[in-house]
Number of protein chains: 2
Amino acid sequence: MTTSKTEEFTQEEIWLADVSKTLSHPARIRILKILNEMNSCMVGTIVDKLPLAQATVSQHLKELKRVGLIEGEIDGPKICYCINKQTLQKAKSALDKLFTKIGCC
Amino acid sequence: MTTSKTEEFTQEEIWLADVSKTLSHPARIRILKILNEMNSCMVGTIVDKLPLAQATVSQHLKELKRVGLIEGEIDGPKICYCINKQTLQKAKSALDKLFTKIGCC
DNA sequence: TTACCTTATCGTATATTTACGATGAACGAT
DNA sequence: ATCGTTCATCGTAAATATACGATAAGGTAA
């Protein structure tokens with residue numbers, strides 16, 4: 001009975017964990033690279049560049065969209081995805097802050 | 001049949017995803033902060049500071065150890081964990097490289 | 001030895017993630 | 001109106017993650 005365990009996690013810790021979760025699959029990392037290289041592109045192009053089924057890629061895009069790392073713009077029957085630079089910067093800042101806080105030079 | 005899907009993910013992408021997975025839980029982020037604040041400490045101390053059972057904390061430590069972010073040193077019946085600064089730096093570098101590659105300033 | 005302390009592991013339950021084929025919804029073109 | 005294209009969603013299966021109590025394994029100390 002040293003200290004109580006009523007302590008919870010902070011919103012920043014939770015958000016950081018959430019962003020990390022989104023980055024925790026090679027396909028999603030690759031998707032971000034593709035979107036940056038192409039500036040923006042439609043789903044079919046991404047599917048062609050990944051060894052995964054269209055439904056699976058759609059799920060990964062949904063996860064990236066959930067945390068706000070990408071955005072989709074409807075273009076007729078197609079959807080053009082691009083990186084949300086603002087969220088990207090926020091993620092990098094939060095990670096940088098964490099690394100600094102845990103003693104990384 | 002635009003392009004073949006034989007493409008696989010790179011080792012760096014896989015490692016980055018793996019590190020991100022390890023950071024994808026608030027408890028593990030908190031553990032890293034605790035270890036840095038205390039420089040190093042034994043499991044019981046970490047358990048007292050987290051709202052989780054000892055077995056659960058042990059699992060989180062195992063995951064952190066798996067990717068090399070922490071190391072444990074046996075000290076009698078206790079085990080003293082500390083951050084592996086080398087792996088930490090490697091993780092930060094890899095993440096920095098990714099953010100740069102995907103257009104983050 | 002026995003007793004106790006510390007931590008890992010086991011067993012287990014539940015939830016989440018990942019993957020795919022099939023289907024549906026929305027649009028443009030014919 | 002119908003067809004083909006594009007993408008999301010549904011349904012589902014398998015794997016992984018998370019959490020805990022119980023137990024084991026290892027050491028210290030009496």
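Predicted, not measured: the structure shown is a model, and the values here were computed from it. Proteins get letters first, then strands, A, B, ... in listed order; numbering begins at 1 in each. All values below were derived from every heavy atom in this structure, side-chain atoms included, with hydrogens, water molecules and symmetry-related copies excluded.
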- Where the side chain of Ile79(A) is defined as all heavy atoms beyond and including C-beta, which of dT7(C), dA8(D), dC20(C) is the nearest nucleotide? dA8(D)
- For Lys21(B) and dA17(D), what is the distance between atoms NZ and C1' respectively, to the nearest whole Å? 8 Å
- Using whole Å, report how far CD1 of Ile31(A) lies from P of dA19(C). 10 Å
- Query: Atom CD1 of Ile74(A) to atom C1' of dT6(D): distance rounded to whole Å?
  - Reply: 12 Å
- Rounded to whole angstroms, how far apart are CG on Asp18(B) and P on dT18(C)? 12 Å
- Query: What about Leu61(B) and Met42(B), same hydrophobic cluster or not, with Ile/Leu/Val/Met/Phe/Trp/Tyr joined at side-chain heavy-atom distances under 4.5 Å?
  - Reply: no
- Can you check whether any acceptor in the base of dA19(D) is under 3.5 Å from a donor in the side chain of Gln59(B), or vice versa? yes
- Message: Tell me the interatomic distance from Leu52(B), atom CG, to dT7(C), atom P, rounded to whole angstroms.
- Response: 16 Å
- Query: Counting side-chain heavy atoms from C-beta on, which of dA17(D), dT7(C), dC5(C) comes nearest to Pro77(B)?
  - Reply: dC5(C)
- Nearest-angstrom distance from the residue atom CG of Leu64(A) to P of dT17(C): 13 Å
- Query: Any side-chain N or O of Ser58(B) under 4.0 Å from OP1/OP2 of dT7(C)?
  - Reply: no
- Could you label the plane-to-plane angle of the His25(A) and His60(A) rings as parallel, tilted or perpendicular, counting under 30° as parallel and over 60° as perpendicular? tilted
- Checking all strands, does Glu63(B) fall into the base, sugar-phosphate, or nothing category for heavy-atom contacts under 4.0 angstrom? nothing
- Message: Whether Lys78(B) contacts dC5(C) is assessed here as follows: a side-chain N or O lying under 4.0 Å from the phosphate OP1 or OP2. Is that the case?
- Response: no
- Message: Both Tyr81(A) and Arg28(B) contact DNA chain D. Which one's nearest nucleotide lies toward the 5' end?
- Response: Tyr81(A)
- Query: Does any non-hydrogen side-chain atom of Thr87(B) lie less than 4.5 Å from one of Val19(B)?
  - Reply: no
- Task: Mind running side-chain hydrogen bond (donor to acceptor under 3.5 Å, both in side chains) on Ser93(A) and Gln89(A) for me, showing each step along the way?
- Result: CA-CA 6 Å; Ser93(A) 297; Gln89(A) 180 60 52; 3.2 Å; yes
- Message: Looking at Thr22(A), is its backbone amide N or carbonyl O close enough to the side chain of Arg66(A) to form a donor-acceptor pair, meaning the two atoms are under 3.5 Å apart?
- Response: no
- Query: For Arg66(B) and dT16(D), what is the distance between atoms CZ and C1' respectively, to the nearest whole Å?
  - Reply: 11 Å
- Query: Where each residue is assigned the nucleotide of DNA chain C containing its nearest heavy atom, which of Lys62(B) and Ala55(A) is assigned the position nearer the 5′ end?
  - Reply: Lys62(B)
- Short side-chain N/O contact from His60(A) to OP1 or OP2 of dA19(C), under 4.0 Å: yes
- Query: Among dA8(D), dT6(C), dG21(D), which nucleotide sits nearest the side chain of Met42(B)?
  - Reply: dT6(C)
- Length of the line joining Asp75(B):CG and dT6(C):C1', which is rounded to integer Å: 11 Å
- Quick one: which of dC7(D), dT7(C), dA19(D) gets closest to the side chain of Gln54(A)? dC7(D)
- Short side-chain N/O contact to dA19(C) OP1/OP2 from His25(A), under 4.0 Å: yes
